[in-house]
There are 2 protein chains.
Amino acid sequence: MILKNQIEWALHCCSLLAAVPDGCYLPTKALAEFHGVPKEYLSKALQALSQAGVIEGTLGPTGGYRLARRPSEITFLDIVEAVEGKASTFACTEIRKANPCLPSKTKTSKTCAVARVMWKADAAWRESLKSTRLSDLAQMIAEDVPPEVLAKSAEWVAARS
Amino acid sequence: MILKNQIEWALHCCSLLAAVPDGCYLPTKALAEFHGVPKEYLSKALQALSQAGVIEGTLGPTGGYRLARRPSEITFLDIVEAVEGKASTFACTEIRKANPCLPSKTKTSKTCAVARVMWKADAAWRESLKSTRLSDLAQMIAEDVPPEVLAKSAEWVAARS
DNA sequence: GTATTAAGGATAGTGATTGTCCTTAGTATA
DNA sequence: TATACTAAGGACAATCACTATCCTTAATAC
Ligand code: SF4
Ligand code: SF4
């Protein structure tokens with residue numbers, strides 16, 4: 001079980017979109033080039049983000065994408081769920097129904113204990129993702145990346161917005 | 001992204017193995033029949049659990065599996081990691097390396113901020129799984145399932161141990 | 001009108017999950 | 001000792017989700 005690689009792409013793209021000047025848009029082409037990933041496929045992830053209302057796109061030359069909200073109002077969970085979906089990572093196939101000791105007049109009791117525990121863990125994962133915002137990420141990156149690289153990247157983005 | 005169905009099987013099997021009388025073993029055949037899943041494939045999950053030291057098997061007639069430790073010393077995490085592996089659910093392909101503004105003399109700084117956040121969420125998920133033990137599950141099930149079904153199941157298991 | 005863009009449908013290629021079959025070796029019982 | 005039963009595990013094939021590419025359509029700026 002592993003998250004799709006689009007998750008990594010989406011997170012990085014949102015991080016980069018946070019550097020786009022106000023009122024401007026950054027096209028898919030630039031995002032794909034910056035990260036060295038296929039433009040066509042990255043487009044699918046961006047479409048998912050757009051549908052989820054995390055980013056918004058506009059057409060034409062000068063078109064592209066920008067964040068739909070301020071970085072402080074976008075969480076990792078928003079991005080992950082846009083690409084990966086909101087469904088729980090644990091799927092229950094109700095194998096308890098096969099229990100030979102279960103009378104056929106099954107009163108379909110509430111969801112079983114196993115599923116409840118797994119769903120609780122899933123919720124803990126999502127809660128953790130929800131606790132980090134895009135603005136927090138920008139701050140972490142600012143501490144990691146040398147200022148000159150950061151400035152150059154911002155310039156690179158601005159030139160294509 | 002979704003957990004493999006063997007996770008559900010493994011959890012249920014461990015739950016059932018907790019009902020095996022002391023010194024006895026329950027064979028794969030019985031576990032598969034009880035849950036209505038293919039015996040051959042379930043066997044793979046049980047082998048993984050065995051290798052992880054969660055359960056232990058023995059050969060011959062009267063052979064089968066039993067828990068390797070007391071239910072209070074087996075957590076959901078033990079079972080999930082035995083089947084699903086210990087690797088993080090987030091894989092980083094280092095796409096930041098493609099950044100055109102990054103000088104080639106990359107000093108491979110520490111793992112990036114994005115990965116750190118994702119790994120932290122992964123850790124929260126595992127921590128939640130770790131907090132529930134097999135003995136807790138038995139208690140939850142005892143509250144959910146009618147006593148007569150519970151007794152009949154225990155009888156069913158004992159007859160095949 | 002032309003160039004550029006997002007949106008999205010259609011369709012392969014790839015790889016992991018799922019499932020089956022078979023062999024090998026250890027164990028209990030008669 | 002012979003037999004029946006078991007776990008362990010290797011070798012596949014089938015299925016399905018993920019990855020990737022290509023193409024069409026519609027909106028926008030110039
Ligand atoms: S017992 Fe729980 S996890 Fe198992 S099949 Fe039933 S609902 Fe699903
Ligand atoms: S920035 Fe982090 S998540 Fe992105 S490629 Fe680099 S290490 Fe991986």
Side-chain angles (χ1 to χ4, degrees), chain A residues 1-10 13 17 20 23-33 35-68 82-85 87 89-91 93 95 160-161, chain B residues 1-10 13 17 20 23-33 35-68 82-85 87 89-91 93 95 160-161:
Chain A
M1 195 229 20
I2 196 147
L3 292 167
K4 23 179 116 162
N5 58 6
Q6 284 188 332
I7 295 283
E8 182 179 6
W9 300 359
C13 283
L17 285 176
V20 171
C24 294
Y25 295 86
L26 192 63
T28 305
K29 190 184 166 191
L31 287 165
E33 187 189 339
H35 296 118
V37 301
K39 158 171 152 342
E40 310 289 347
Y41 190 36
L42 172 63
S43 169
K44 303 295 182 187
L46 296 173
Q47 281 173 37
L49 286 168
S50 176
Q51 280 200 328
V54 175
I55 64 179
E56 54 190 12
T58 193
L59 296 174
T62 82
Y65 288 106
R66 70 177 176 196
L67 296 181
V83 174
E84 196 70 46
T89 54
F90 177 78
T93 44
I95 65 172
R160 286 160 183 80
S161 298
Chain B
M1 197 230 13
I2 198 147
L3 293 168
K4 25 179 115 161
N5 59 5
Q6 285 189 331
I7 295 284
E8 184 179 6
W9 302 357
C13 283
L17 285 176
V20 171
C24 293
Y25 295 85
L26 191 62
T28 306
K29 190 183 165 192
L31 287 166
E33 186 188 338
H35 295 120
V37 301
K39 159 170 147 349
E40 312 289 346
Y41 190 36
L42 172 63
S43 170
K44 303 295 183 187
L46 296 173
Q47 281 173 37
L49 286 169
S50 177
Q51 280 200 327
V54 175
I55 65 179
E56 54 190 11
T58 192
L59 296 175
T62 81
Y65 288 105
R66 70 177 176 197
L67 295 180
V83 174
E84 195 71 44
T89 54
F90 177 78
T93 44
I95 64 173
R160 286 161 183 79
S161 298

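Within every chain, numbering begins at 1; the chains are lettered A, B, ... in the order of the sequence lines, protein sequences first and strands thereafter.
At whole-Å resolution of the value, OH in Tyr25(B) and P in dC5(D) are 20 Å apart. The interatomic distance linking Lys29(A) (NZ) with dT4(C) (C1') rounds to 10 Å, in whole Å. Atom CZ of Phe90(B) is separated from atom C1' of dC18(D) by 16 Å (rounded to the nearest Å). As a whole-Å value, the separation of Gln6(A) CD from dT21(D) P is 12 Å. Glu40(B) places its CD atom 13 Å from the C1' atom of dG10(D), with the value rounded to the nearest Å. Residue Leu49(B) contributes atom CG, which lies 13 Å from atom P of dA7(D) at whole-angstrom precision. For Leu26(A) and dT4(C), the CG to P distance is 17 Å, given to the nearest whole Å. Rounded to whole Å, atom P of dT17(C) lies 17 Å from atom CD of Glu8(B).
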Take Ile2(A) and Thr89(B), measure what side chain to side chain contact (heavy atoms under 4.5 Å, CB included) needs, and give me the verdict at the end. CA-CA 5 Å; Ile2(A) 196 147; Thr89(B) 54; 5.7 Å; no

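Taking each heavy atom of Lys39(A) and Ala32(A) in turn, the nearest pair found is CA-CB, 3.6 Å. Closest heavy-atom contact between Gly53(A) and Ala68(A): O-CB, 3.3 Å. Across Tyr25(A) and Val20(A), no two heavy atoms sit closer than the pair N-CG1, 4.2 Å. Residue Val83(A) comes nearest to Ala48(A) through the heavy atom pair CA-CB, 4.5 Å, listed as atom of the first residue, atom of the second, then distance. The minimum heavy-atom distance between Ser161(B) and Cys24(B), with the atom names listed, is CB-CB, 3.7 Å. In terms of heavy atoms, Leu42(A) sits closest to Thr28(A) at CD2-O, 4.3 Å.
Checking side-chain atoms of Glu84(A) against main-chain N and O of Leu3(A) turns up no donor-acceptor pair under 3.5 Å.
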Pairs: protein N or O with nucleotides 9-15 of chain C N or O, under 3.5 Å:
unit_1 : atom_1 : unit_2   : atom_2 : d
dG9(C) : N7     : Lys44(A) : NZ     : 3.4
dG9(C) : O6     : Lys44(A) : NZ     : 2.6

Which protein N or O atoms sit under 3.5 Å from an N or O of nucleotides 12-17 of chain D?
none

Pull out every protein N or O sitting under 3.5 Å from an N or O of nucleotides 23-30 of chain C, one pair per line with the distance.
unit_1  : atom_1 : unit_2   : atom_2 : d
dG26(C) : N2     : Gly60(B) : N      : 2.7

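For Pro27(A), whose side chain is taken as the heavy atoms from C-beta onward, the closest listed nucleotide among dA6(C), dA8(D), dT17(C) is dA6(C). In the set dC22(C), dA7(D), dG19(C), dG19(C) carries the atom at the smallest distance from any side-chain atom of Trp9(B).
In terms of position on DNA chain D, the residue among Tyr41(A) and Thr28(B) whose nearest nucleotide sits closer to the 5' end is Thr28(B). Nearest-nucleotide positions on DNA chain C place Leu46(A) closer to the 5' end than the other of Ile2(B) and Leu46(A).
The structure places CG of Leu17(A) at 7.5 Å from CG of Leu46(A), a figure rounded to the nearest 0.5 Å.
Considering only side-chain N and O atoms, Ser43(B) lies nowhere under 4.0 angstrom from the phosphate OP1 or OP2 of dG9(D). Listed pair Asn5(A) / dC18(D) fails the phosphate criterion, with no side-chain N or O lying under 4.0 Å from OP1 or OP2.
Remark: Gln6(A) engages no residue in a side chain to side chain donor-acceptor pair (under 3.5 Å) (not counting sequence neighbours). In terms of the side chain to side chain donor-acceptor pair (under 3.5 Å) criterion, residue partners of Ser43(A) (sequence neighbours excluded) are, by chain and number, Gln47(A).
Screening residues 53-66 of chain B for salt bridge (charged side-chain N to carboxylate O under 4.0 Å, His left out) gives Glu56(B)-Arg66(B) as the qualifying pairs, with residues at least two apart or on separate chains.
Under 3.5 Å, the side chain of Gln47(A) and the base of dG8(C) form at least one donor-acceptor pair of N or O atoms.
Gln51(A) comes within 4.0 angstrom of sugar-phosphate atoms only, judged by non-hydrogen atoms across all strands, and of no base.
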